[in-house]
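The structure under discussion appears below in the form of C-alpha cells.
Computed from a predicted structure; not experimentally measured.
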Amino acid sequence: MGRVERAEAPVTLAQLVARFGRAWTICEAVGGGWYAVRRAGISVYGHHHGLSDVRCGASLAELARHLEAEKRLEGQTWQRVPTRPAL
C-alpha cells in the first residue's frame with residue numbers, strides 16, 4: 001500500500017522570524033529552498049548532543065520542522081559526562 005503524504009500547512013517567513021528570529025537568521029537559499037544559521041555559537045558539548053549551527057529546508061514548512069526539532073533538543077536535559085577523571 002502506498003504512503004499517503006499529508007499536505008503541509010503554509011508557513012510564512014514572517015511566522016518563522018517571529019518564532020525563531022532571536023536565535024536564528026533565516027534566509028532564502030540561492031539555489032532554492034531556505035536556510036537558518038544560529039546567531040550564537042554552540043559548544044562542542046551541544047554539537048555532541050545533536051544541535052546544529054545551520055538547518056536547511058526545501059520549503060519554509062520543512063525548515064520550520066527542522067527548527068522545531070532543534071528547539072526540542074535544546075530543551076532536553078543532558079547528563080554531563082566528565083571530560084577529566086575526578087581526583
Problem set entry | Straight-line distance of Leu51 CG to Lys71 NZ, nearest 0.5 Å | 12.5 Å
For this session: Return the set of residues passing side chain to side chain contact (heavy atoms under 4.5 Å, CB included) with His47 (not counting sequence neighbours), or none when no residue passes.
Result: Ile42, Asp53
For this session: To the nearest 0.5 angstrom, please state how far the CH2 atom of Trp34 sits from the CG atom of Leu67.
Result: 12.5 Å
Exercise. How long is the span from the CG atom in Leu16 to the CD1 atom in Ile26, to the nearest 0.5 Å?
Worked result: 4.5 Å
Seminar exercise, completed: What one should report as the nearest heavy-atom pair of Leu73 and Gly50 is CD1-O, 3.5 Å
For this session: Look up atom CZ in Phe20 and atom CZ in Arg38, then write down how far apart they are to the nearest 0.5 Å.
Result: 10.5 Å
For this session: Return the set of residues passing salt bridge (charged side-chain N to carboxylate O under 4.0 Å, His left out) with Arg55 (not counting sequence neighbours), or none when no residue passes.
Result: Glu70
For this session: Write out all pairs satisfying salt bridge (Lys or Arg N to Asp or Glu O under 4.0 Å) with one or both partners inside residues 14-29, taking only residues at least two apart or from two chains.
Result: Arg19-Glu68
Seminar exercise, completed: Value for OG (Ser59) from CZ (Arg65), rounded to nearest 0.5 Å, stands at 6.0 Å
Seminar exercise, completed: Note: with side-chain heavy atoms under 4.5 Å as the link, the other cluster members for Val37 come out as Tyr35, Val54
